[in-house]
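This report concerns only the one structure given below.
First the proteins, then the strands, lettered A, B, ... as listed; each starts at 1. Just so you know, these numbers use all the heavy atoms, side chains as well, and skip hydrogens, waters and symmetry mates.
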2 protein chains.
Amino acid sequence: MNSVTIPKATVARLPLYLHALEILAAEGTCTVSSEMLARRVNVNAAKVRKDLSFLGTHGVRGVGYDSSELGTRIREALGLTRDFGVVIVGIGNLGAALANYDGFGEQRFHIVGLYDADPGTIGSKVGDLVVRDVRHMPADIAENNVEIGIIATPAAVAQEVATQLEQCGVRSILNFAQTVLQVEQADVRRVDLSTELQILGYYLRHDQS
Amino acid sequence: MNSVTIPKATVARLPLYLHALEILAAEGTCTVSSEMLARRVNVNAAKVRKDLSFLGTHGVRGVGYDSSELGTRIREALGLTRDFGVVIVGIGNLGAALANYDGFGEQRFHIVGLYDADPGTIGSKVGDLVVRDVRHMPADIAENNVEIGIIATPAAVAQEVATQLEQCGVRSILNFAQTVLQVEQADVRRVDLSTELQILGYYLRHDQS
DNA sequence: TAGTGTGAAATCTTTCACAGCA
DNA sequence: TGCTGTGAAAGATTTCACACTA
């Protein structure tokens, strides 16, 4: 939809550059070099420059990048120029923790609905929101123009929830359940603690990365 | 340390295959084809076969893989043949949720310590464990042979905790804080909600995957 | 001088396509 | 017949190295 297509690997790093820039900005840094960003994001400087080149960014040779302008460019590239409605389904320990997550700062992601199927959880308050019956979800999503769904349910029901989210028109899903979701066309990202631990476990024996 | 070196991309998928096999085993399936696994893990069958070939696995042509044997091979490759001690530092909402995580099933990862710096949190009980003062951490780690540290602290102190973990000999870190950690040689994996949402946000506008 | 922007090389990953075997 | 195992091709990503310029 936008000019040049940015490689997946680059897209995955843009949020890290952005975060680093926000910290630098808070520290009052106006100009930043690829080398500086690279150190903060743990990659090499050539990669930073190549990544930024996809944004059509103009740094200044011999000087570096204007950090506030670069921040703006990255936000534009990521589409962080408008707000996104987010719902969380499954308000157990993890779902509640995610609902309370405060790392959004000045981000554009707004949690607008919390859902659960357990009568004991429905009606309880988490942060500013009251947990609603998951049966209200479809109507709420339509009404609030929700675009992103976070699944934090038990694995057994995650697929069902994903299907339902997709039927409601949600095209982006962040899945914390221990399942690989089958979806029609939604974009799914999966986060799973035991997978991560197993990967770490491997490199504990086979050290290099 | 083990025979052949397995590509990173493959290592990252092995836990998914393993999980799929465990489900299949629970359903009573004895023989599994690359095609079957592929469907469950959302990848293509050639990739499954290539991945499994790094384990030196012998499937049976025309038939498939013996699912229990394949499970054993993957567990061996991942080093899941012994137990791992894990500590969690930062027992806020997220840390507590992780401590209560039950997805380990018959896994080999055991949470053996919970730490926090807040006097109000220290002493409280989460699951079976009592949250201890982070000052006890170094001694506890040495005593319990802890190999993996999970950081769920505020971003501001995450680096300090990481440095400390490394000094205690912990070589694997799972970082849930919104920071890129600088470490000497530890292996770090990072999980961050706002990064994931930003990536999803990008693909919401630039649909393809 | 110090740091960007980028072709071209090196490396890693995925996919194809098919020989080979139970 | 049906599915594995794998070379070889295609594609993606990373890194190098250097021309260029404020």
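- Distance Asn42(A) CG to dT15(D) P: 12 Å, rounded to the nearest Å.
- The residue among Gly59(B) and Ala9(A) whose nearest nucleotide of DNA chain D is located toward the 5' end is Gly59(B).
- No hydrogens or angles considered: a donor-acceptor pair under 3.5 Å links the side chains of Thr195(A) and Arg190(A).
- Atom-to-atom, CG of Asp51(A) to P of dT13(D) comes out at 10 Å; the value is rounded to the nearest Å.
- Between Leu55(B) atom CG and dT6(D) atom C1' there is a gap of 15 Å when expressed in whole angstrom units.
- When the nearest nucleotides of DNA chain D are assigned to Ala46(A) and Val60(A) by heavy-atom distance, the more 5′-ward of the two goes with Ala46(A).
- Out of dT13(C), dT13(D), dG3(C), the shortest distance to the side chain of Ser33(A) is found at dG3(C).
- Between Ser53(A) and the phosphate of dG5(C), there is no side-chain N or O to OP1/OP2 separation shorter than 4.0 Å.
- Thr10(B) comes within 4.0 angstrom of no nucleic acid atom, judged by non-hydrogen atoms across all strands.
- Under the side-chain contact (heavy atoms from CB on, under 4.5 Å) criterion, Ser194(B) pairs with Tyr101(A), Phe104(A), Gln178(B), Asp192(B), Gln198(B), not counting sequence neighbours.
- The distance between atom CZ of Phe54(A) and atom C1' of dG5(C), rounded to the nearest whole Å, is 12 Å.
- Residues from residues 62-73 of chain A placing a heavy atom under 4.0 Å of any atom in DNA chain D do not occur.
- In this structure, the NZ atom of Lys8(B) is 12 Å from the C1' atom of dT11(C), given to the nearest Å.
- Going from atom CG of Leu204(B) over to atom CG of Asp187(A) covers 8.0 Å, rounded to the nearest 0.5 Å.
- Taking atom CG on Leu37(A) and atom C1' on dG3(C), their separation rounds to 13 Å, with Å as the unit.
- For Arg49(A) and dC20(D), the shortest distance from a side-chain N or O to OP1 or OP2 is not below 4.0 Å.
- Each salt bridge (charged side-chain N to carboxylate O under 4.0 Å, His left out) pair with one or both residues in residues 148-166 of chain A, not counting sequence neighbours, would appear here, but there are none.
- Side chain Arg61(A) to base dT21(D): no donor-acceptor pair is found below 3.5 Å.
- Nucleic acid contact for Thr57(A): sugar-phosphate only, since backbone atoms but no base atoms lie under 4.0 Å from a heavy atom of the residue.
- With dT14(D), dT4(D), dG7(D) as the choices, the nucleotide that has an atom nearest any side-chain atom of Lys47(A) turns out to be dT14(D).
- Computed from coordinates, the Arg13(B) CZ to dT14(C) C1' distance equals 8 Å when rounded to whole Å.
- Taken from CG in Leu78(B) to CG in Leu14(B), the straight-line distance is 5.0 Å, to the nearest 0.5 Å.
- Spacing between atom CD of Glu35(B) and atom P of dT4(D) amounts to 9 Å, rounded to whole angstrom units.
- The backbone N or O of Ala25(B) sits nowhere less than 3.5 Å from a side-chain atom of Thr29(B) that would complete a donor-acceptor pair.
- The number of heavy-atom neighbours closer than 6.0 Å to CZ of Arg82(B), taken from other residues, nucleotides and ligands shown, is above 12.
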